[in-house]
Amino acid sequence: MEIRLEKEAALLETVLFLESEPMDEAALSRASGLGIDVVEKALELLVEVYRDGPHHGLEPIRSGGGWSLAPKLEFWEALKDRYGRKSDSRLSRAALETL
């Protein structure tokens with residue numbers, strides 16, 4: 001008997017999209033109301049769907065002790081100039097005057 005978890009995977013996809021920080025399996029379980037075992041299987045399905053789907057620009061990745069949605073590596077080169085410099089902040093006018 002094959003267990004189908006499309007709705008559960010879609011629910012986790014939505015949670016990952018809405019969260020700004022990576023979430024571990026326990027946090028995903030609490031947020032979705034799904035059991036940990038279901039979360040783990042649904043994450044496996046989600047990874048497979050995104051990996052095998054050439055029309056997806058994102059992929060679920062394990063990062064910072066949890067899961068998040070991130071751009072696929074193949075698109076990062078085109079995006080890094082605009083989105084890759086979040087830690088490069090400019091000094092405010094007041095900070096420049098202080099210096």
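Heads up: numbering here begins at 1 and tracks the sequence. For clarity, every value in this text was computed on a predicted model and none was experimentally measured. Side chains included, hydrogens not; waters and symmetry mates left out as well; all remaining heavy atoms used.
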Item checked: Heavy-atom closest contact (Asp24 atom, Gly65 atom, distance) -> CB-O, 3.5 Å
Note to self: If you compare all heavy atoms of Glu59 against all heavy atoms of Lys72, which two are closest, and at what distance to 0.1 Å?
What the structure shows: OE2-CA, 3.6 Å
Notebook entry, point to check: How far apart are the closest heavy atoms of Ser29 and Ile36, and which atoms are they?
Noted result: OG-N, 3.8 Å
Next item on the list: Answer yes or no: does atom NZ of Lys41 have more than 12 heavy-atom neighbours from other residues, nucleotides or ligands under 6.0 Å?
Entry: no
Item checked: Shortest non-hydrogen contact between Leu46 and Leu16, atoms and distance -> CD2-CD1, 4.3 Å
Check: Run the side-chain contact (heavy atoms from CB on, under 4.5 Å) check on Leu34 and Leu28 step by step: do they pass?
Finding: CA-CA 8 Å; Leu34 302 172; Leu28 286 168; over 6 Å; no
Note to self: Keeping Thr14 on the side-chain end and Ala10 on the backbone end, is there a donor-acceptor pair under 3.5 Å?
What the structure shows: yes
Check: Can you tell me how far CZ of Arg4 sits from CG of Leu45, rounded to the nearest 0.5 angstrom?
Finding: 9.0 Å
Next item on the list: Look at atom CD of Glu21 and say whether more than 12 heavy atoms of other residues, nucleotides or ligands are closer to it than 6.0 Å.
Entry: no
Notebook entry, point to check: Going from CG on Leu43 to CD on Glu8, what distance comes out if it is rounded to the nearest 0.5 angstrom?
Noted result: 11.5 Å
Next item on the list: Answer yes or no: are there more than 12 heavy-atom neighbours, outside Leu18 itself, under 6.0 Å from its atom CG?
Entry: yes
Checklist line | Heavy-atom pair with the smallest gap, counting every atom of Ser63 and Pro22 | finding: O-CB, 3.1 Å
Note to self: Measuring from atom CZ of Arg62 to atom CD of Glu25, what distance do you get when rounded to the nearest 0.5 angstrom?
What the structure shows: 4.5 Å
Item checked: Listed partners of Ala70 passing side chain to side chain contact (heavy atoms under 4.5 Å, CB included), at least two apart -> Ile61
Check: Considering only heavy atoms from C-beta outward, does the side chain of Val47 approach that of Trp67 to under 4.5 Å?
Finding: yes
Checklist line | Residue pair Phe75 / Gly57: nearest heavy atoms and the distance that separates them | finding: CE1-CA, 3.6 Å
Item checked: ring-ring contact (aromatic ring centres under 6.0 Å, His included) pairs, two or more places apart, involving residues 12-57 -> Tyr50-His56
